[in-house]
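Naming: A, B, ... by sequence-line order, numbering from 1 per chain. The basis for the numbers below is simple: all heavy atoms, side chains too, and nothing from hydrogens, waters or symmetry mates. Fair warning: this is a prediction, and the values are worked out from it, not measured in the lab.
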Protein chains: 4
Amino acid sequence: MTINTKINIMDTALKLFAEKGFSDTSISAIAEEAGIGKGTIYWYFESKKDLFFSIVEQRGQDYFNKVLKLDNDSIESEQIIYKYIKYTIEFIDNNYDVAKMLITNTEIINNEFKKMMELKQQQVISILEKALKRGQKEDKFRGFKSRDIAFMIMNIAKSGHNQFNFSIEGNIDQKTQKIYDFIMYGLIKEERKT
Amino acid sequence: MTINTKINIMDTALKLFAEKGFSDTSISAIAEEAGIGKGTIYWYFESKKDLFFSIVEQRGQDYFNKVLKLDNDSIESEQIIYKYIKYTIEFIDNNYDVAKMLITNTEIINNEFKKMMELKQQQVISILEKALKRGQKEDKFRGFKSRDIAFMIMNIAKSGHNQFNFSIEGNIDQKTQKIYDFIMYGLIKEERKT
Amino acid sequence: MTINTKINIMDTALKLFAEKGFSDTSISAIAEEAGIGKGTIYWYFESKKDLFFSIVEQRGQDYFNKVLKLDNDSIESEQIIYKYIKYTIEFIDNNYDVAKMLITNTEIINNEFKKMMELKQQQVISILEKALKRGQKEDKFRGFKSRDIAFMIMNIAKSGHNQFNFSIEGNIDQKTQKIYDFIMYGLIKEERKT
Amino acid sequence: MTINTKINIMDTALKLFAEKGFSDTSISAIAEEAGIGKGTIYWYFESKKDLFFSIVEQRGQDYFNKVLKLDNDSIESEQIIYKYIKYTIEFIDNNYDVAKMLITNTEIINNEFKKMMELKQQQVISILEKALKRGQKEDKFRGFKSRDIAFMIMNIAKSGHNQFNFSIEGNIDQKTQKIYDFIMYGLIKEERKT
DNA sequence: TATGAATGAGGGTTCATTCAT
DNA sequence: AATGAATGAACCCTCATTCAT
């Protein structure tokens, strides 16, 4: 019946982790929902945590690789920011469950995993920081601490995620455009100060 | 023995919840860390969840009340945004543990509590939205969907929070100023488009 | 307020023991229902079991003493049986709670107490047995093993007690008469065999 | 390990429930006595109460079904009474533990269960009542309130049960005969009144 | 590959009892 | 006499994990 039991397990687990959180999702529940035996999960994964990590890895790898490719001086700095936002929105849209799972379960996961996640985040921040610095050198962007801004951009990009039953409206491109526009020009209508 | 056992329990629990998450913090651990008997916790709190909620309520009430007072047309719209950011940064700075606890444990808490949190968030969004609309009418702000922007401001304000071992640099006022400036003017240096 | 705290405690405890059983009645619940502090109970009683025993002793003593007085050869044997039934019905009627408590909690009480209860029951059986033997000698009663009959009388006398929402109908005297009549003459209408 | 773990659990639990009562028998004690892990019990039973109910159901069903079959107008009314007594004695003899468990733990069990038990008892009373009324119509039995007598018969039939280290002497048939004889003819030797 | 019975550590919670006040 | 905060043993139950099949 199951062409690929492993995928079946991961999909089911992802759904339940996102719905109820890591701690409140039992191996039994995953097995039952997936229509397999409890023991089978342990044939494919070493532990519950291993299952969680595997899901994140599988789903997040694509996104992360795309972002890593933005670390390229031949891409215009605005484009890097635009694409970073787009990739992030896209990832959240296509992997709503993983995103939710990551956002809501970060802390309950072990330190090794947290360190890995931190490392990746630091890499992303560095890529954005580098692009921002370049943009400043090229006199495109205003003067500021680029690392701070990189951090703010990271946070604002998550606005594509539905929190508290609310999210920015629109499809991926519209959301991206809105966030990008806000980041670039801010709120103020009046003449730009320099 | 302790002058105030209840406060001792809440402080200890808060520390552990923030450190290890709700599910991975046992009542036994809290009792041991607080230097009291397990049963004593149940003298002051009905359940582990009740303890969690009590902490959030106690710590969050001040912040929320301050934000609610911003819902006042006699305050200039920019000031509302500025103060919202400041209060949020302040809250996070002074209640680092609660903030972390809230951010990382939202999903594992029961629905009643989640609904209450959502309600509060919606109120905050509405206050910002109202201020933004007023700012637009007064021709201060650019045209945009104010609810979307309110949502982005909420997300960006959280940048004061140390995630992944990184946060915006500076004291409360400096952080606030940086975020406010970014929100108002964005990245771009060039002449403002209208 | 409380003229006699001890009586207050015993009355309240009796009510709750009868309602919910010994194990499911907590000291806290008794204290709360009695409107006193938990510690106060321990001023009057050594333990929860001591409280239980005290109640039984206090309430059962009268009944038991009355029955003991039936051990008297100058009372006609039928009268002993009649009065035994009457006293038992009376006790159950006036001390419904104790009776229910005793019937439903016998086993959860310690062995010392059980032995004491057994002893008393054996005394009662012996009294009935003696009366029955005397009645046989006097050619009033049919031939049978008097100890067996004594035991059956003991059991049938409990029919005055409301079990499963049903009991024999009537007031104390009517109930007593019905049971006595049944014991004496049985069901059969036809000519008596000898 | 054991050929049938479930039966092992039920037998062990029955033994302990009868010995010490429901509340004073812990799941740990059952597991230890049965030589299995605590968790295993929860593989077969949903809860401690479920375990209790299952035992009662399993053991009591046979008895109850037999009694229900006595609700049959083609059986002579005396025979119904005789057989009811016999089945009851038999059940108590073969299921001493269950009987004791039921008699001593009725009150500590939940209301749903109590209602079910009451219902069954009412059915039994009704069967006896019906037989008694028929016997009266056929002019076999004396005039009385048949429901009261049915209730007394139920109580006296329990005399086969060893209470307070005493019971009627003899094997099943002898006990049955003694009780039946007592019920039919009562104590009195003299000429029968009508 | 796949199962599910079995395990036992650990969870949250209750409650009889103590004792300083 | 009376209190109630504090205790900790013991409770029922869950669940990640193992392993014989």
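Between B/Ser28 and C/Ser28, the one whose closest nucleotide on DNA chain E sits nearer the 5' end is B/Ser28. Looking at which nucleotide of DNA chain F each of D/Glu46 and B/Gly37 is closest to, the 5′-most match is held by B/Gly37. Comparing A/Gly39 and D/Lys6 against DNA chain E, the residue whose closest nucleotide sits nearer the 5' end is A/Gly39.
Nucleotide E/dT21 forms a pair with F/dA2, judged by Watson-Crick or G-U wobble geometry with both contacts under 3.5 Å. Nucleotide F/dA10 is matched to E/dT13 when pairs are restricted to Watson-Crick or G-U wobble geometry with both distances under 3.5 angstrom.
When rounded to the nearest whole Å, the span between NZ of C/Lys49 and C1' of E/dC15 equals 14 Å. Rounded to whole angstrom, the span from the CD1 atom of D/Ile9 across to the P atom of E/dT7 amounts to 9 Å. Here F/dT7 presents its P atom at 10 Å from CG of B/Asn8, a figure rounded to the nearest Å. D/Phe52 places its CZ atom 17 Å from the C1' atom of F/dC12, with the value rounded to the nearest Å. What separates NZ of B/Lys38 from C1' of E/dG12 is a distance of 8 Å, to the nearest Å. Atoms CH2 (C/Trp43) and C1' (E/dT18) sit 16 Å apart, rounded to a whole Å. Whole-Å rounding puts the C/Asp24 CG to F/dC12 P distance at 12 Å. As rounded to whole Å, 16 Å separates atom P of E/dT14 from atom NZ of D/Lys48.
Rounded to the nearest 0.5 Å, atoms CG (C/Asp11) and CG (C/Leu16) are 11.0 Å apart.
Relative to the ring axis of B/Phe17, B/Lys48 does not place its NZ or CZ within 45° and under 6.0 Å from the centre. Cation-pi geometry between B/Lys6 and B/Phe45 is satisfied (NZ or CZ under 6.0 Å from the ring centre, within 45° of the ring normal).
With E/dT17, F/dA1, F/dC13 as the choices, the nucleotide that has an atom nearest any side-chain atom of C/Tyr44 turns out to be F/dA1. If you check E/dA2, F/dA6, E/dG12 against the side chain of B/Thr40, the one that comes closest is F/dA6. Of all nucleotides listed (F/dC15, E/dC15, F/dC11), F/dC11 comes nearest to the side chain of D/Ser26. Of the candidates F/dC13, E/dG12, F/dA2, the closest approach to any side-chain atom of D/Tyr42 belongs to F/dC13.
Here C/Glu32 does not pair with C/Lys38 in a salt bridge; the nearest charged N to carboxylate O distance is not below 4.0 Å.
The number of heavy atoms from other shown groups lying within 6.0 Å of CD (A/Gln61) is above 12.
For F/dA1, the OP1/OP2 oxygens have no side-chain nitrogen or oxygen of C/Thr5 closer than 4.0 Å.
Across the P atoms, E/dT1 and F/dT21 are found 22 Å apart, a figure rounded to whole Å.
Residue-level contact check: D/Ile27 touches the backbone only, with heavy atoms under 4.0 Å from sugar-phosphate atoms and none from bases.
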